[in-house]
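Okay, so here's the structure we're looking at.
Since we're looking at a predicted model, the values are computed, not measured. The analysis underlying the following values was restricted to heavy atoms, covering all of them including side chains, and did not include hydrogens, waters or symmetry mates.
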Amino acid sequence: MNNVNVANITEKVPKKKFKLKMPGAFLILFVLTIVAVIATWAIPAGSYSKLSYDKSSSQLQITDPNGKVNSVPSTQEQLDKLGVKIDIKQFTSGGITKPVSIPNTYQRLEQKPAGLSAITNSMVRGTIEAVDIMVFIFVLGGLIGVVKESGAFESGLIALTKKTKGHEFLLIFLVSILMILGGTLCGIEEEAVAFYPILVPVFLAMGYDSIVCVGSIFLASSVGTCFSTINPFSVVIASNAAGINFTEGLTWRIAGLVVAAIFVVLYLRWYSQKVKADPKFSYSYEDHSEFNKMWSVASTEGNENSAFTVRKKVILTLFVVGFPIMVWGVMSKGWWFPTMAASFLTFAIIIMFLTATGKNGIGEKGVVDAFVNGASSLVGVSLIIGLARGINLVMNEGLITDTILQFSSSLVAHVSGPIFILAMLLIFFVLGFIVPSSSGLAVLSMPILAPLADTVGIPRFVIVTAYQFGQYAMLFLAPTGLVMATLQMLNMKYSHWFKFVRPVVLFVLVFGGALLVMEVLIY
């Protein structure tokens with residue numbers, strides 16, 4: 001009898017199912033660094049000659065694959081002789097600042113395999129190269145810490161949620177449209193991290209999850225950049241490097257942007273409504289408690305500290321005003337991360353003074369501690385950006401990036417028509433993983449790949465469009481890009497993000513591919 005009972009009990013014990021767990025951001029980047037080191041042993045080394053403009057001598061400088069530098073006159077005739085179909089004014093005016101690959105100059109070089117020490121060295125050097133972004137993020141974190149300590153967030157959220165009750169999606173819609181416009185006009189991507197601290201607590205208070213936060217900010221801005229219209233860091237520099245005016249193909253890009261914006265907004269609406277109706281539908285539901293603990297603002301409604309006082313209104317206004325000023329500076333004044341960091345630090349100092357002094361002030365030590373704690377909370381995000389850059393350092397110094405580009409160009413050299421442009425789309429999709437910088441990939445690849453359009457009788461702007469669609473379809477996913485820093489900031493698993501963004505990647509590849517084929521057939 002006892003044996004039977006034991007057997008029955010044994011049968012009732014549920015077996016644990018094996019579940020593959022996706023590693024965290026740091027482990028993914030560490031593994032990719034090792035893969036990049038291995039690739040420098042497996043992929044042949046090689047390089048194109050590079051062309052750049054030297055302001056001090058007002059001459060063009062040609063650096064051959066062996067590192068020898070030769071100066072030549074900065075004339076259009078010289079560029080034509082080199083086969084670089086770019087207006088000389090793009091170099092002399094500063095439109096193109098990075099070295100440009102010279103067509104038909106690829107040369108195999110002696111292998112430069114990276115050693116084991118390159119794994120850690122690249123991580124350190126990549127972090128050093130990203131110091132401007134890191135300082136910006138630290139200042140932003142400090143500013144957030146002080147505003148939270150002042151109590152302005154809590155009081156402002158209580159007031160906002162009361163006014164938006166029943167119209168919660170309107171905020172998602174407005175934020176998404178603004179991010180799409182920012183992406184298509186000026187390439188807002190890294191700068192988008194500044195918007196999480198102000199918007200994530202709001203989205204949480206409205207009943208949404210971490211996916212909605214990333215979707216309406218990072219995804220929307222990236223879709224805007226993917227369908228860039230006049231973005232100087234993407235379509236403009238790529239068009240310059242392709243030897244055409246960026247207005248060529250503008251009508252097609254605007255049409256594509258409208259369709260993409262409608263798709264993203266509808267997708268966000270579908271997902272946000274599902275989460276609103278049933279929080280367990282959330283792709284990141286298993287981590288919602290930890291995420292809410294990190295980002296939600298505790299309700300103090302009914303307490304005396306919840307009053308939205310004049311001082312709190314001033315603090316919150318100063319905090320919010322900093323963001324449109326940042327966007328204005330990037331678009332019209334050419335601000336970069338040091339200037340943006342300085343502007344946010346200015347607001348932080350003023351807010352620290354308001355928080356430290358007066359009735360209920362927390363004093364000098366209180367605001368300094370709040371700033372330091374806020375900055376320290378974003379250390380992980382900053383390191384992710386540096387580690388991702390280290391991977392690119394390994395590949396560039398191993399001289400394998402140009403080899404991959406040369407191999408890619410050979411694949412489409414004798415293909416024509418729609419097949420040619422679809423192959424280009426896939427090539428840029430792969431290159432987007434290797435070179436996650438939009439301007440970097442543009443000057444590296446356009447002088448080599450854009451002339452191939454002439455051989456098959458299609459306009460070069462179609463190649464530029466293929467570059468945009470292909471690279472950004474990858475950058476929604478690529479750990480070497482900004483996505484890992486975004487996920488680290490919001491403590492989100494890559495697997496959860498992948499599940500959400502997969503339909504968007506397919507949309508870009510399918511719709512983008514169809515748009516490219518239409519351009520080829522019509523022209």
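- For the atom pair Asp402 CG and Ile43 CD1, the distance stands at 12.0 Å (nearest 0.5 Å).
- With contacts defined as side-chain heavy-atom distances shorter than 4.5 Å, the pair Leu29/Ile391 qualifies.
- Here the CE-CZ distance, from Met492 to Phe218, works out to 10.5 Å after rounding to the nearest 0.5 Å.
- Note on ring orientation: taking the six-membered ring where Trp is involved, the planes of Phe173 and Phe169 are tilted (angle from 30° to 60°).
- Contact of the Leu27 side chain with the Val31 side chain is registered, since non-hydrogen atoms from C-beta on lie closer than 4.5 Å.
- Remark: Ile28 CD1 to Leu387 CG distance equals 12.0 Å, nearest 0.5 Å.
- In this view, Asn245 and Thr247 satisfy the side-chain hydrogen bond (donor to acceptor under 3.5 Å, both in side chains) rule, not counting sequence neighbours.
- The distance between the ring centers of His288 and Tyr285 falls below 6.0 angstrom.
- Going from atom CH2 of Trp328 over to atom OG of Ser343 covers 10.0 Å, rounded to the nearest 0.5 Å.
- Counting only distance, with no hydrogens or angles, the side chain of Asp87 and the backbone of Gly243 share no donor-acceptor pair below 3.5 Å.
- Aromatic ring orientation, Phe227 versus Phe469: tilted (interplanar angle from 30° to 60°).
- A distance-only check finds a donor-acceptor pair linking the side chain of Gln471 to the backbone of Val435 [under 3.5 Å].
- Looking at heavy atoms from C-beta onward, Leu449 lies in side-chain contact with Phe428 at the 4.5 angstrom threshold.
- Using a 4.5 Å heavy-atom threshold, the side chains of Ser438 and Thr225 count as separate.
- Sequence neighbours left out, not one pair with a member in residues 504-515 passes side chain to side chain donor-acceptor pair (under 3.5 Å).
- Of all heavy-atom pairs between Ser122 and Thr33, the closest is OG-CG2, 3.6 Å.
- We find the CG-CG distance between Leu181 and Leu257 to be 7.5 Å, quoted to the nearest 0.5 Å.
- Atom CD of Gln273 has more than 12 heavy atoms from other residues, nucleotides or ligands within 6.0 Å.
- Here the shortest heavy-atom pairing between Gly470 and Leu425 reads N-CD1, 3.5 Å.
- Asp209 pairs by the side-chain hydrogen bond (donor to acceptor under 3.5 Å, both in side chains) definition with Tyr271, Ser282, not counting sequence neighbours.
- Smallest separation of non-hydrogen atoms from Leu515 and Gly256: CD2-CA, 4.1 Å.
- In terms of modelled atom types and a separation under 3.5 Å, the side chain of Ser216 and the main chain of Ser176 share no donor-acceptor contact.
- Here the side chains of Pro503 and Tyr267 are in contact, with some heavy-atom distance below 4.5 Å.
- The CG atom of Leu487 sits 8.5 Å away from atom OH of Tyr494, with the distance rounded to the nearest 0.5 Å.
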> Between Leu452 and Ser409, does a side-chain contact (heavy atoms from CB on, under 4.5 Å) hold up when you go through it step by step?
Replying inline: CA-CA 8 Å; Leu452 296 178; Ser409 63; 4.2 Å; yes
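- Of all heavy-atom pairs spanning Ala485 and Ile384, the tightest one is N-CG2, 3.3 Å.
- With sequence neighbours excluded, the residues that form a side chain to side chain contact (heavy atoms under 4.5 Å, CB included) with Ile237 are Ser439, Ala442, Val443.
- Phe263 CZ: more than 12 foreign heavy atoms inside a 6.0 Å radius.
- Side-chain contact check for Val483 versus Leu477: every heavy-atom pair is 4.5 Å or farther apart.
- More than 12 heavy atoms of other residues, nucleotides or ligands shown are found within 6.0 angstrom of CG on Leu411.
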> Checking side-chain contact (heavy atoms from CB on, under 4.5 Å) for the pair Val214/Thr486: CA distance, chi angles, key distance, verdict?
Replying inline: CA-CA 8 Å; Val214 182; Thr486 299; 3.9 Å; yes
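- Inter-residue side-chain proximity for Tyr106 and Ser101 is flagged as unmet; no heavy-atom pair is nearer than 4.5 Å.
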In residues 456-465, what donor-acceptor pairs under 3.5 Å come from side-chain atoms, sequence neighbours left out?
| residue | atom | partner | partner atom | Å |
| --- | --- | --- | --- | --- |
| Arg460 | NE | Asp454 | OD1 | 3.3 |
| Arg460 | NE | Asp454 | OD2 | 3.2 |
| Arg460 | NH1 | Ala242 | O | 2.8 |
| Arg460 | NH2 | Asp454 | OD2 | 2.5 |
| Thr465 | OG1 | Phe461 | O | 2.9 |

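- Ser221 contributes no side-chain N or O that, together with a main-chain N or O of Met179, makes up a donor-acceptor pair within less than 3.5 Å.
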>> As a quick check of understanding, evaluate side-chain contact (heavy atoms from CB on, under 4.5 Å) for Tyr283 and Val275, giving each step before the final call.
In response: CA-CA 9 Å; Tyr283 295 164; Val275 172; over 6 Å; no
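- By the 4.5 Å heavy-atom criterion applied to side chains, Leu185 and Ile230 are counted as neighbours.
- Between Ile217 and Tyr196, the shortest heavy-atom distance links the atoms CD1-CD2, 3.5 Å.
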> Leu32 and Phe433: side-chain contact (heavy atoms from CB on, under 4.5 Å), yes or no, with the steps?
Replying inline: CA-CA 11 Å; Leu32 287 176; Phe433 182 91; 3.9 Å; yes
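- For Glu129, the side chain to side chain contact (heavy atoms under 4.5 Å, CB included) partners are Arg389, Leu393, not counting sequence neighbours.
- Classified by interplanar angle (parallel below 30°, tilted 30° to 60°, perpendicular above 60°), the ring pair Phe500/Trp497 is tilted.
- Aromatic pair Trp270/Phe281: centroids less than 6.0 angstrom apart.
- The heavy-atom pair separating Leu490 from Phe291 by the smallest distance is O-CD1, 3.2 Å.
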